[in-house]
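Note that the structure is a prediction, hence the values are computed from the model and not measured. Note that these values count all heavy atoms, side chains included, but never hydrogens, waters or copies made by symmetry. By convention in this document, chain letters (A, B, ...) are assigned in the order of the sequence lines, proteins followed by strands, and residues within each chain are numbered from 1.
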Amino acid sequence: MRYALLVQGGPYSDQAAHSALRFAEAVVARGHRLETVFFYHDGVYNAARLAAPPQDEPHLVDRFRALHDDHGTQLKVCIAAGLRRGLLDEREAARHGKQGHSLEAPFELTGLGQLIDAGLSHDRLITFSP
Amino acid sequence: MQDDTTKASSQVLVILRHGPHGSSWLREGLDAALVAAAFGREVTLLFYGEGVTALVEGQGAGPLGQKGTQPTLEMLAMYDIETLLVDQQALDERGLAASDLLLPVTPLAPSQLAATLAEHELVLNF
């Protein structure tokens with residue numbers, strides 16, 4: 001089956017992102033395709049390039065990135081929710097006159113229309129919210 | 001499951017479970033509904049639980065700097081979002097009647113919820 005996930009909880013603050021990752025890893029372990037993870041609301045913080053958790057805690061950003069590297073999962077971040085919360089890729093940082101960027105590939109800023117498309121084009125969309 | 005993603009009449013149900021103040025859930029949920037409608041999808045809203053308070057008149061910006069959601073709600077018709085379901089039990093619990101609300105709504109009894117969820121191709125929960 002083709003799965004998409006919607007992640008709406010921030011990393012470390014709530015269980016949502018942890019649960020999403022465990023579910024994601026189970027989906028691919030069972031031989032299904034996890035094609036898209038969409039980050040919305042506070043879930044956009046899971047794409048923070050500069051996240052530096054203690055070494056004895058799971059690195060959630062790296063684990064989401066690994067879904068892309070190992071399984072080709074697209075990691076899509078709502079641009080409106082991201083910009084408000086300081087998640088900018090190099091292009092948006094330049095456009096807004098910011099010195100650094102906080103989001104990079106394989107995470108990509110994209111519109112909410114992509115969430116609707118993912119929901120309608122995949123067999124399942126599973127939401128993880130706080 | 002539908003594979004035809006270009007079908008214009010795809011049914012999207014957006015469930016709004018938060019009031020207009022205290023968090024951005026309502027605004028971000030409404031944004032998702034408006035985008036779905038702008039992409040030509042047929043969208044139904046369900047105001048559920050605390051979400052029914054979004055429809056109480058006069059939800060302005062307030063002192064905390066969040067934009068009020070009333071102007072967005074008043075735009076729904078422009079986006080052809082015309083089916084507004086409300087959780088009748090939540091209205092009753094709060095002493096509200098459908099006539100107290102900003103827009104015409106269709107009350108939904110708890111017994112109708114499962115069928116409503118089942119008949120939509122995509123359900124987004126905010």
In terms of hydrophobic clustering (I, L, V, M, F, W, Y; side-chain heavy atoms under 4.5 Å; direct or indirect links), are B/Val43 and B/Phe39 co-clustered?
-> yes
Hey, mind stepping through B/Glu121 and A/Arg124 against salt bridge (charged side-chain N to carboxylate O under 4.0 Å, His left out) and telling me if it holds?
-> CA-CA 10 Å; B/Glu121 198 179 325; A/Arg124 294 285 186 276; over 6 Å; no
Between A/Ala81 and chain B, which part of the residue has a heavy atom less than 4.5 Å away: side chain, backbone, both or neither?
-> both
Find out if a path of hydrophobic residues (ILVMFWY) with successive side-chain heavy-atom gaps under 4.5 Å connects B/Phe126 to B/Leu84.
-> yes
Tell me whether A/Leu87 is reachable from A/Leu115 by hopping between hydrophobic residues (I, L, V, M, F, W, Y) whose side-chain heavy atoms are closer than 4.5 Å.
-> no
Applying salt bridge (charged side-chain N to carboxylate O under 4.0 Å, His left out) to B/Glu50 and not counting sequence neighbours gives B/Arg94
Rounded to the nearest 0.5 angstrom, the CZ-OG distance for A/Arg85 and B/Ser24 is 5.0 Å
When clusters are formed from ILVMFWY side-chain contacts under 4.5 Å, directly or step by step, what else is grouped with B/Leu108?
-> B/Leu13, B/Ile15, B/Leu46, B/Tyr48, B/Leu85, B/Leu113, B/Leu117, B/Val123
Is B/Leu55 reachable from B/Met78 through a run of hydrophobic residues whose side-chain heavy atoms are each under 4.5 Å from the next?
-> yes
Does any heavy atom of chain B fall under 4.5 Å from the side chain of A/Leu112, the backbone, both, or neither of them?
-> both
When clusters are formed by joining ILVMFWY residues with side-chain heavy atoms under 4.5 Å apart, either directly or through shared neighbours, do B/Val12 and B/Met75 land in the same one?
-> yes
Options B/Leu122, B/Asn125, B/Leu34, ranked by heavy-atom pairs under 4.5 Å with chain A, top entry = B/Leu122
Does a side-chain heavy-atom distance below 4.5 Å link A/Ser129 with B/Trp25?
-> yes
Compare every heavy atom of A/Asp117 with every heavy atom of B/Arg41, then report the nearest pair and how far apart it is.
-> NH2-OD1, 3.7 Å
Members of residues 53-79 of chain A whose heavy atoms come closer than 4.5 Å to chain B = none
Residue among A/Leu125, A/Ile116, A/Leu6 with most heavy-atom pairs under 4.5 Å to chain B = A/Ile116
Minimum heavy-atom distance between B/Glu28 and A/Tyr40, given as atom pair plus value | O-OH, 2.6 Å
Flag the one option from B/Asp31, B/Leu124, B/Val35 with the top tally of heavy-atom pairs under 4.5 Å to chain A.
-> B/Val35
Answer yes or no: are there more than 12 heavy-atom neighbours, outside A/Glu90 itself, under 6.0 Å from its atom CD?
-> no
Within residues 11-30 of chain A, contacts to chain B at heavy-atom distances under 4.5 Å involve none
